[in-house]
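Just below is one structure, and these are the notes that go with it.
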Amino acid sequence: MKFDTAFDSGALYVAYQCLLVSRNGGHSWQAFSPALTTPKGKSPVPCGTPLPPPKKKAKRPRNPFKPAGPVINDFSISKIKPGVVWTVSSNGQIYNTMDGGMHWSNVSNITGAPPHAQFHTIEAGDKVDTAYVTARIVVKHRHKAAPPAHPKAGVPSPAPRHALAAGDKVNPAHATARISVKPGHKAIPPAHPDIDVPLIWRTTDGGKTWVSIVRGLPHDQRTGSWVNVLRADPKQPGLLFAGTGTTVYVSFDNGDHWQPLRQNLPSTAITDLVVHTRYHLNDLVISTFGRGFWVLDDITPLQQIAAHAQAIASSPVYLFKPEEAIRARINSNWDQPFSIEVPHAPNPPYGVIVDYDLRHKPNRPIQLRVFGPHGNLVRTYSSTLPAPIEGQAYPRYWLATPQSRALTTHVGLNRFNWNLRYAPPPAFHHDLENQMNNVAGTTTPGPHGPQVIPGVYTLKLTVDGRVYTRHATVVNDPRVGQSRDLMAALRAQNRLTMRAYHGMQQSYAGRLEVDAVKAQLTSLMHDHLPGPLAAQAKKLDAGLTKIGGKKPAHAFLFFLHHETPKPHTLRSFFALNNDYNSLVSLMQVGLDMSPTPAQIATLKSDCRHYDRTMAAWKAMRMKQLAAFNTVLVKNHLRELKVAPAKLAGLSCGVVARAH
């Protein structure tokens, strides 16, 4: 049962001896073809024609779960041209139509197929006249081998051959063994080929001729070398995937050559596979014997290898064009990660997946920079390992390793993902967003940078001094959409968030400026200063503490209650950093909405407090610190070094709300 996803999404097809189609959700059906199990050379009978009665009465009652006659094993609807359909049946008949079922042609023209080969899957190709058929040798009867009729004395008889059943393997070295069969059964010729072989044929002329395409597929896999399924990539011509009794194989040249695509996949029979391209995804999904499902995330590099193999092979560094990335909530569960005792699989990489190929080991660290639509630097990554996360209040398996946060430099294909966030803003409190809502293996110290909004971003990979550039498109969650009004809301949200983000940077820098002076003053106060000077130093130290702020002795927890400051109380740089930190974090809670009046009012309040604190710091530098340095010089003491101020003012204007 399949939908015509390319040209008629409401058309649902189902196969029996013929094809039926429904365009009303299965409420009614109509014939789309005649009986497509009719042998070559005979005229197909109309769909629904009763089967002829058997010539003689069956000895056993018919199995009600088994078809009374041959059926269509598989069919494929073209994604290139509407109305093109290919079918293959259990009795080896291959049909196609090029005009929406008005005319059907029997193209069962495969020559050289081994005896007992059963065709079971068919796949329409990237051109109208191209298709692929897979088969497997199926032996229905069991046979027993017997020793020679007159063995000579002292000469051992050949080992008896085991019973041959479907899926059994015949060793050609034992082909001289005699075979005894039950009465009425046909004997398999002694030189019968190995049944555990890959069988794929391709046509490029509408089925007039077929050629075998199995070069590179092994014949000696203990768990099975036969091919169960073949699928063509819907985006890239010539890129094919085959699932065998053991693993997955890929061809970049339309089946002329194959190579394994096993990766971390265990040895298991592949029962079906599909290239999933809906909802901005691009994944290879397989099902395995035993009801298992596996996903190879983002096969964009495979598609580009098929399209640009020579360019990639000849380039010392190749940065692949990334697939579109979906902006969404990284984890929608407001809870802690699964315990390691609970069976679960890792999440797919979130954000922009960056793939790059290195022909040689780089001579120095490599760097990846992400720039926004207006050329602003968003994030920088390096192959230099960051420091391990220490002092966390979580189990170690929650944490992202240094290796996962750095670019790799392996010779060959490398993969990294940018999680759509700006660089983490500087903060004095690092646990705001990590109380809950974590994913094992990805937890990093908060606060985290805000997520970017949909748009086109620029990736620049620097390797040994040379820069390689690609563009990455970020789209919004398809469940939410990307309407004009929503984009206006997201832009307003981004403006407010980035002002709070900039406020974190400025308040952090302000605290560092104060701390630099305070450290010198503390060192000076350890000396035995004259009484008046000591009193003046103590007063100056209190002023610096008031402006810079003091970290509380207790643990700073997200849910800890804090007293609301009075409107005209001077907020320290430390307190301002925490205020902006809260706003940056809470803006990410309403990920797809414009700023609320409360958020706008909070930003204005924080901005006014910052301006007052920055003015107080400027006044202290110009008056109290200057006067204190004058006294130090008179007492033949070293002046306090005050670096030039680098703080910038913040815009406190109203952030427009989206309507």
Side-chain angles (χ1 to χ4, degrees), residues 367-372 376-382 384-393 399-400 402 405-406 418-435 442-452 494-519 544-552 555-558 562 571-588 602-603 605-607 609-614 616-618 642-652:
Q367 185 184 70
L368 175 67
R369 291 174 295 163
V370 182
F371 294 89
N376 55 302
L377 181 63
V378 173
R379 194 75 183 262
T380 300
Y381 294 99
S382 171
T384 302
L385 291 181
I389 302 171
E390 300 293 346
Q392 79 290 343
L399 304 177
R405 293 180 285 142
W418 166 47
N419 62 1
L420 305 186
R421 289 189 179 276
Y422 287 85
F428 302 103
H429 164 50
H430 293 284
D431 194 40
L432 181 60
E433 296 175 299
N434 281 346
Q435 292 295 320
T442 63
T443 301
T444 55
H448 303 122
Q451 287 207 64
V452 299
N494 179 258
R495 286 194 294 270
L496 189 147
T497 304
M498 294 311 295
R499 290 183 185 180
Y501 181 87
H502 186 52
M504 288 189 69
Q505 294 174 323
Q506 291 299 301
S507 57
Y508 189 88
R511 167 66 185 266
L512 294 184
E513 287 184 5
V514 174
D515 282 354
V517 176
K518 189 174 175 64
L544 291 172
T545 300
K546 183 178 180 181
I547 292 176
K550 185 177 181 181
K551 187 174 182 179
F556 194 94
L557 300 177
F558 180 65
H562 301 280
R571 299 288 285 168
S572 67
F573 284 127
F574 180 90
L576 285 168
N577 187 264
N578 286 332
D579 293 342
Y580 281 121
N581 188 353
S582 298
L583 187 56
V584 169
S585 176
L586 293 176
M587 288 299 294
Q588 298 298 293
T602 299
L603 177 68
S605 175
D606 291 344
C607 188
H609 281 298
Y610 171 82
D611 285 347
R612 291 185 61 218
T613 304
M614 188 175 69
W617 172 230
K618 182 179 180 181
V642 184
K646 296 182 180 180
L647 299 185
L650 299 177
S651 174
C652 300

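Heavy atoms only: backbone and side chains are in, while hydrogens, waters and symmetry mates are out. Position 1 is the first residue of the sequence, and the numbers go up from there. Note that the structure is a prediction, hence the values are computed from the model and not measured.
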Looking only at non-hydrogen atoms, find the nearest pair between Y501 and A423 and report the distance. OH-O, 2.6 Å
Stepwise, does the ring pair (Phe, Tyr, Trp, His ring centres under 6.0 Å) test hold for F573 with Y508? CA-CA 7 Å; F573 284 127; Y508 189 88; over 10 Å; no
Regarding H609 and T613, do their side chains bring together a donor and an acceptor under 3.5 Å, going by distance alone? no
Can you see which heavy atom on Q451 is nearest to which on Q588, and at what distance? N-OE1, 3.1 Å
Geometric class of the Y610/Y580 ring pair [parallel <30°, tilted 30-60°, perpendicular >60°]: perpendicular
Output every pair passing salt bridge (Lys or Arg N to Asp or Glu O under 4.0 Å) with a member in residues 573-583, not counting sequence neighbours, ordered by first then second residue. R571-D579
Who pairs with A516 by side-chain contact (heavy atoms from CB on, under 4.5 Å), at least two apart in sequence or on another chain? none
Supply the atom-to-atom distance L603 CG to R495 CZ, rounded to the nearest 0.5 angstrom. 12.0 Å
Could you check whether any side-chain N or O of S585 sits under 3.5 Å from a backbone N or O of N581, counting only pairs where one atom can act as donor and the other as acceptor? no
Carefully, step by step, assess K518 and T545 under the rule side-chain hydrogen bond (donor to acceptor under 3.5 Å, both in side chains). CA-CA 8 Å; K518 189 174 175 64; T545 300; 2.6 Å; yes
What's the separation between atom NE2 in H429 and atom CG in N577, rounded to the nearest 0.5 Å? 10.0 Å
Heavy-atom closest contact (I389 atom, A400 atom, distance): CD1-O, 3.7 Å
Test of understanding: with side-chain contact (heavy atoms from CB on, under 4.5 Å), list the residues that count as partners of P388, not counting sequence neighbours. E390, P402
To the nearest 0.5 Å, atom CG of L544 lies from atom OG of S572 at 12.5 Å
I want to check something: taking the side chain as every heavy atom from C-beta on, are R421 and P450 in contact at a cut-off of under 4.5 Å? no
Under 3.5 Å: donor-acceptor pair, side chain of R405, backbone of A387: yes
